[in-house]
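Some notes on the structure that comes next.
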Amino acid sequence: MEFVPAPAVHRVLCADCGTPIVPNSANLCVNCLRNTVDITEGIPKQASVAFCRNCERFLSPPAQWTLARPESQELLAILLKKLKGLVRVRLTDARFVWTEPHSKRLRVALTIQKEVLTSTILEQVFEIEYLVQHGQCPDCARLAAKNTWKALVQVRQKVPHKRTFLYLEQLILKHGAQRDTISVKEVRDGLDFFYASRSHAIKMVEFLAGVVPIRSKASERLLSSDTHSNTANYKHTYSVEIAPVCKDDLVALPAKLARQLGNIAPLVLATRVGNALHLLDPATLQHAELPAAVFWRAPFEPLASTPELVEFTVLDVEPDRGARGSGTGKWVRADVQVARAGAFRSSGAAAGGAHDDGMMDYETAGARSAIMHARTHLGAILQPGDAVLGYDLGQANFNSDAYAALPADALPDVVLVRKAYPHRRKKHRARAWKLRSIAKEDGEDGETGAARGVVGRVGGRDQKKVEEDYELFLRDLEEDPEMRAGVNMYRAGRDRDRDVGMRDAAAGDKGAKKGPAQGVDVDMDGDGGEQGGAEEEDGGEEDEPDFPEVRLDELLEEFDEMTLREGEGEEVA
């Protein structure tokens, strides 16, 4: 066989060191080319990686924590993500270099390629050292925090006021439902209750379902799981929505729902809100109970709420005591003539005196057109000259299909809601009672506090609106004995109670009409403090004799979980 020699390889000398090399576009050997061009420029040779020692997870940029074993592909991917400059080269190989486990160092060897000159590709191997920095992931930080939580109850009610949550807070305190609560946070439309256990959150949802009409929805989020033991860690959230109908709201029922509730009139008042809505027709005294389940099948909004109440003056009252169905419990049906407060004035007052018969002369003839007639359920408590709050339907504009479907001739001019006590509000007096709160401020010990309440402390709400809602809530407690029966009210101080009792006794000697037990005084500012240490009389006007006073035997001592027994009220000095 004839020998064929290999083709001759032409070599040239390196331009820098003179070493014979295969010709290339740069005419440089590999060592000289590597010394001339550094393709690793811009790639850091040292970096750091965050490691959580509790859950043994590494931080994967930007904010994801991933479980990765040492020298695994998952850990290698996390480390490569932290390097900047790899996009400008071609990564051909990456591997771990063994280090001591306790050294807190991770070494990675990289092989990269890059075209440095025309048709000239340079390959280089180098090492990067990572410093393992110990820290805590957000989940472990929450677990290590003092106020950790695993269940959340979000209570919401879409109404323009917070009086429902003020009353709900007192119900929670009375029944001790706040004992398992870690913290309470106010949000825009309600409150958030945090718990360390799911069972505690379920217990709170069940309590809320027993006191207010709600609907709830549960959701959960996976925190961690173990495939070997088939266990998982979740965070549970319960969204609770309270019906937007509150006490003393005016409601227009849909026609179908009104027929289901015993064919009640569509225009009704909400007299009480519990686990069901209690509705009353003021004209016929017909009662109806709307369960929460029925309400949430076709929810509706109230026509008007208590901030829209208008004050009227009672001109004449004619109770229908003898008619059938005219009286139901505390309600008595009556025909009432009312006029807006301030629509008329006494001619005697204008002339500097007053008539003995108490008759009123109107300023103009047009004032007589301001007289409105209404059928009300307040016939047992209203007297001529009293002030009463109601809804003026003649000057109202409601955006409701149920209200628009009502015949115009069947709509009343005014719907009276409750009696008002304007003379009582004109006197600056101190409240001798206060309420507790489940809010926890910095430096406040115990499960309850004695401040205004959890509502209005945080969340950025308007402070003036908070004060108004709280004052209206306190007035509702004073004027509604049934409402304050479900609330724990505490004595503000023994010295103040003694002074209040002395003032009430003095008022009784002057002939003021009092109940069986002497009441406590209230102020109109709602701050519960002394107003200059003295009472101010406006024009010599006397208190309303039938004002529902808060009796001292309704108050508790200022201690948690303590109630007064019979006979203890007499021993308090």
Open item on the list: What verdict does the side chain to side chain contact (heavy atoms under 4.5 Å, CB included) test give for T40 and F126, after you've listed the backbone C-alpha separation in whole Å, the side-chain angles of each residue and the deciding distance to 0.1 Å?
Closed with: CA-CA 8 Å; T40 64; F126 66 101; 3.5 Å; yes
TODO: Could you verify whether a donor N or O on one side chain and an acceptor N or O on the other, from Y470 and R475, lie under 3.5 Å apart?
DONE: no
Open item on the list: Go through it in stages, so that I can follow the logic: the residues are T306 and R163, the test is side-chain hydrogen bond (donor to acceptor under 3.5 Å, both in side chains), and I'd like the CA-CA distance, side-chain angles, deciding distance and then a yes or no.
Closed with: CA-CA 10 Å; T306 50; R163 290 158 56 196; 2.3 Å; yes
Open item on the list: As a quick check of understanding, evaluate side chain to side chain contact (heavy atoms under 4.5 Å, CB included) for F165 and Q170, giving each step before the final call.
Closed with: CA-CA 9 Å; F165 291 99; Q170 300 304 318; over 6 Å; no
TODO: May I ask you to decide whether R107 forms a salt bridge with E127, counting only side-chain N to carboxylate O separations under 4.0 Å?
DONE: yes
Task: Worked check of side chain to side chain contact (heavy atoms under 4.5 Å, CB included) between Q178 and L173 - done: CA-CA 6 Å; Q178 86 289 353; L173 286 171; 3.9 Å; yes
Open item on the list: If I take atom NE2 from residue H278 and atom CG from residue L269, how far apart are they, to the nearest 0.5 angstrom?
Closed with: 14.5 Å
- [ ] Over all heavy atoms of both residues, which pair between P213 and L277 is shortest? Give the atoms and the distance, please.
- [x] CG-CD2, 4.0 Å
Task: Parallel, tilted or perpendicular: rings of Y234 and H236 (30°, 60°) - done: tilted
Open item on the list: Strictly distance-based, threshold 3.5 Å: is any side-chain N or O of W65 a donor or acceptor partner for the main-chain N or O of S60?
Closed with: no
TODO: Of all the heavy-atom pairs spanning V245 and P302, show the shortest one and how long it is.
DONE: CG2-CD, 4.3 Å
- [ ] Could you check L435 against M489 for side chain to side chain contact (heavy atoms under 4.5 Å, CB included), going step by step and ending with a plain yes or no?
- [x] CA-CA 5 Å; L435 302 175; M489 305 170 66; 4.0 Å; yes
Task: Point-to-point distance, once rounded to the nearest 0.5 Å, from CG of L86 to CD1 of I112 - done: 7.5 Å
Open item on the list: Could you report the tightest heavy-atom contact between F295 and A243, atom names first, then the distance?
Closed with: CE2-CB, 3.5 Å
- [ ] Keeping the roles fixed (side chain from D249, backbone from C246), state whether a donor-acceptor pair exists under 3.5 Å.
- [x] yes
Task: Over all atoms of both residues, closest heavy-atom pair of N275 and G210 - done: CB-O, 3.7 Å
TODO: Would you tell me whether Y130 and S48 have side-chain atoms, one donor and one acceptor, within less than 3.5 Å of each other?
DONE: no
TODO: Check step by step if salt bridge (charged side-chain N to carboxylate O under 4.0 Å, His left out) holds for E241 and R215.
DONE: CA-CA 6 Å; E241 183 179 359; R215 63 177 176 182; 3.1 Å; yes
Task: Test side chain to side chain donor-acceptor pair (under 3.5 Å) applied to T92 - qualifying residues, sequence neighbours left out - done: none
- [ ] Applying salt bridge (charged side-chain N to carboxylate O under 4.0 Å, His left out), run through K247 and D476 and close with a yes or a no.
- [x] CA-CA 10 Å; K247 183 177 177 293; D476 290 343; over 6 Å; no
Task: Atom pair NZ (K45) and CD (E129), whose distance is rounded to the nearest 0.5 Å - done: 13.0 Å
Task: Residue pair L223 / K235: nearest heavy atoms and the distance that separates them - done: CD1-CG, 3.6 Å
Task: Exam field: side chain T99 to backbone L106, donor-acceptor pair closer than 3.5 Å - done: no
Task: Spacing of L472 atom CG and E479 atom CD [to the nearest 0.5 Å] - done: 9.5 Å
Open item on the list: Strictly below 4.0 Å, N to O, side chains only: are D248 and R272 in salt-bridge contact?
Closed with: no
Open item on the list: Pairing donors with acceptors under 3.5 angstrom, does anything connect the side chains of T164 and Q157?
Closed with: yes
Open item on the list: Can you list everything that forms a side chain to side chain donor-acceptor pair (under 3.5 Å) with Q124? Sequence neighbours excluded, please.
Closed with: none
TODO: Look up atom CZ in F51 and atom CG in L75, then write down how far apart they are to the nearest 0.5 Å.
DONE: 9.5 Å
Task: Nearest-0.5 Å distance that lies between atom CD in E301 and atom NZ in K158 - done: 9.0 Å
- [ ] Using a 4.5 Å cut-off on heavy atoms from C-beta on, say whether the side chain of V251 contacts that of F300.
- [x] yes
